[in-house]
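The structure appears below as structure tokens.
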Amino acid sequence: MNDPKKKKWLTITIIAFIAMVIINQLVVLPFVSASGQAKETTYDFMLRELEKKNITHVEINGEKIYFKLKESKPDKDAKLLDTLLAAQNNNVYVTTAMTDLALVERLYQSGAEFTQVNQKQMSPIVSMLLSYGCFILIYLVLMRVMMKKMGGGGSVMSFGKSNARIVANDKVDIRFTDVAGQEEAKENLKEIVDFLHDPKKYEQMGAVLPKGALLVGPPGTGKTLIAKAVAGEAHVPFFSISGSEFVEMFVGMGAAKVRDLFKQAKEKAPCIIFIDEIDAVGKKRDTAGIGGNDEREQTLNQLLSEMDGFDGSKGVILLAATNRPETLDPALLRPGRFDRRVPMELPDQKGREAVLRVHAKKVKMADTVDLVAIARSTPGASGADLANLINESALQAVRAGHDKVQQEDIEASVDVVLAGQQRKSTVISPREKQVIAYHEVGHALTAALQDESAPVHKITIIPRTSGALGFTMQLDEEERFLHTKPELTARLVTLCGGRAAEMLVFGKATTGAANDIEQATRMARAMVTRYGMSDSFGMVALEANANRYLGGDGELTCSGTTAARIDDEVIALVQDAFQQASKIIAEHWSALTRIADQLIRQENMSGEEFKKLLDEELETKRLAAQEAAGEGKENEVSE
């Protein structure tokens with residue numbers, strides 16, 4: 001049993017059962033008379049046993065007198081006593097309606113303990129009902145609570161109730177202005193809002209609004225936010241539920257929840273239903289005929305049926321979001337169900353700037369903050385990343401004692417988002433610090449001395465919580481969507497620059513290049529298998545991307561022989577890049593040592609500082625070359 005939810009309720013059931021047994025033994029049974037466990041005898045027998053001091057305890061309860069006999073047997077009445085001692089715990093009782101004024105005195109003389117209970121003895125039927133009825137009642141109450149938790153209702157009939165969170169139309173305060181960096185998606189969804197406002201305009205034209213829109217894109221791009229914005233703009237109720245909430249422990253419950261969700265939506269039409277992570281319930285059905293009756297498939301079939309059944313003209317719009325559209329069942333994506341597919345891609349530089357401005361309104365920003373520069377320095381960041389960036393910058397400003405967020409606060413937060421917090425407690429030896437500095441300057445030099453490489457923005461050798469002991473940041477002058485083979489080759493050379501510097505300076509490799517090696521190998525393999533940049537294979541697709549939105553690695557679609565050739569090609573590309581990096585660093589040895597020494601002293605270096613030092617070294621080298629060339633010409637003339 002791997003489902004945590006099932007384990008949880010199994011544990012609760014066991015604990016509840018044990019608790020009921022304990023309650024029954026310690027609370028219920030003490031209130032039940034022991035009459036069913038005692039043997040009845042005569043009053044004169046009790047008196048004789050009192051005289052013999054053969055009774056240890058007496059309890060007077062109304063018309064009945066209970067007494068407990070000792071273990072020893074007297075000679076007289078031995079047969080009768082054998083029968084009585086067979087009772088549980090030697091309990092015996094007599095029934096009498098007479099008044100014995102001397103009984104108390106006899107009890108004192110016998111030495112037996114005695115008590116009196118004023119309440120009247122309950123009947124055996126009442127005793128049985130109290131004993132077992134309480135047990136059953138407690139069990140039913142606990143089962144009711146469990147069913148409420150598991151089924152979303154308060155009774156057995158509530159098992160199929162939907163867990164959707166309903167937000168009234170006047171409570172949805174998100175608008176399209178709160179969604180930035182997704183202009184194309186907003187244009188696609190504004191038509192839905194217009195239909196909900198004025199459906200007659202479309203009905204007169206004979207147009208039918210799409211029943212559903214599927215929002216696809218990487219995590220953090222604002223799929224849930226834009227769905228709320230549609231409801232907010234249309235001023236209609238908003239039903240929100242996750243796909244995983246349909247999958248229940250009991251077969252058939254998911255389908256019942258789907259029916260209940262659409263029933264509620266029809267009652268509150270016009271409205272919007274939003275199913276987040278729909279791939280949890282909408283995955284492709286098994287084509288091999290195995291497991292065709294499981295809970296997830298029944299839920300999907302019910303969802304398909306409901307989408308066919310509801311009338312889109314009444315204003316029930318179904319929105320769904322997923323990061324894995326390739327896993328969805330084709331029947332779910334056909335026209336008439338999810339008619340429209342709305343891509344939610346990562347924002348470009350202009351989109352990132354818009355997202356930053358939206359979130360910057362919530363914090364105190366200094367007038368000198370340049371959000372354009374921040375947007376340029378965060379390529380590949382999602383809307384959620386940028387929101388976190390602004391929040392981190394506000395926290396950084398508080399730590400620094402600023403009354404407003406400054407540019408340096410945001411730049412420090414960029415480093416936090418990209419590489420993690422600084423590990424100030426980490427103590428690095430001077431030797432290792434030197435190795436890290438030469439490694440990072442090796443990256444920076446190979447990047448700066450290639451025509452097709454992006455400029456260096458920052459170098460640091462401060463350890464980060466992500467595990468990086470340092471990093472070199474490069475930023476393109478403008479947004480790039482296409483990359484040429486020379487550009488990717490230059491990137492390979494830059495990735496090899498750190499290890500090349502280590503080998504040339506110290507003569508041995510370290511583990512610091514692990515991430516560089518991983519990135520270089522992945523890039524070289526993509527050049528061969530996906531981008532068609534190999535002379536040996538040409539424009540042949542040898543790899544399929546399993547999941548483009550979640551960054552999954554590709555899967556080879558070729559034979560074992562071809563895969564071996566691909567490995568050889570990848571190894572050759574990386575080795576060639578390493579040779580080029582070693583050559584560049586060897587030719588600029590003085591620049592490497594000077595910049596590395598400066599980086600060791602100050603630990604951080606901006607792109608401008610790096611470029612200034614490199615330009616000075618290049619100018620010195622150029623003048624030295626000119627001087628050497630002049631001396632050579634003079635020697636030729638003198639000869």
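For the 3.5 Å distance criterion, the side chains of Asn188 and Glu184 fail to qualify, holding no donor opposite an acceptor. When only modelled atom types and interatomic distance are considered, Ser242 and Ser244 share a side-chain donor-acceptor pair under 3.5 Å.
Counting only residues at least two apart or in different chains, ring-ring contact (aromatic ring centres under 6.0 Å, His included) contacts with residues 376-395 are absent. Sorted by first and then second residue, the pairs that involve residues 394-404 and meet side-chain hydrogen bond (donor to acceptor under 3.5 Å, both in side chains), not counting sequence neighbours, are Gln396-Arg399, His402-Asp409. The list of salt bridge (charged side-chain N to carboxylate O under 4.0 Å, His left out) pairs with a residue in residues 443-455, not counting sequence neighbours, is empty. Listed by first and then second residue, the salt bridge (charged side-chain N to carboxylate O under 4.0 Å, His left out) pairs involving residues 566-579 are Arg525-Asp567 (not counting sequence neighbours). For residues 597-614, the pairs satisfying salt bridge (charged side-chain N to carboxylate O under 4.0 Å, His left out) are Lys433-Glu603, Lys611-Asp615, with sequence neighbours left out. Sorted by first and then second residue, the ring-ring contact (aromatic ring centres under 6.0 Å, His included) pairs with a member in residues 426-461 read Tyr438-Phe506, His439-His443; sequence neighbours excluded.
Take Thr510 and apply the side-chain contact (heavy atoms from CB on, under 4.5 Å) test, not counting sequence neighbours, and it matches Val435, Glu502. Contacts of Arg324 classified as side-chain contact (heavy atoms from CB on, under 4.5 Å), with partners at least two apart in sequence or in another chain: Asp279, Lys283, Thr322, Glu326, Thr327, Asn547, Leu550. Applying the side-chain hydrogen bond (donor to acceptor under 3.5 Å, both in side chains) rule to Glu518 yields the partners Arg522; only residues at least two apart in sequence or on another chain are considered. Here Arg337 pairs with Leu304, Met307, Asp308, Ala331, Arg334 under the side-chain contact (heavy atoms from CB on, under 4.5 Å) rule; sequence neighbours left out. For Thr529, the side-chain hydrogen bond (donor to acceptor under 3.5 Å, both in side chains) partners at least two apart in sequence or on another chain are Glu543.
Although no hydrogens or angles enter the test, the distance criterion places no donor-acceptor pair under 3.5 Å between the side chain of Glu392 and the main chain of Ser413.
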Test log, rule side-chain hydrogen bond (donor to acceptor under 3.5 Å, both in side chains), inputs Thr221 and Gln182: CA-CA 8 Å; Thr221 51; Gln182 298 292 345; 5.0 Å; no
In a table with atom names and distances, give each donor-acceptor pair under 3.5 Å that connects a side chain of residues 359-376 to protein atoms at least two apart or in another chain.
residue	atom	partner	partner atom	Å
Asp370	OD1	Val372	N	3.2
Asp370	OD1	Ala373	N	3.4
Arg376	NH1	Asp476	O	3.3

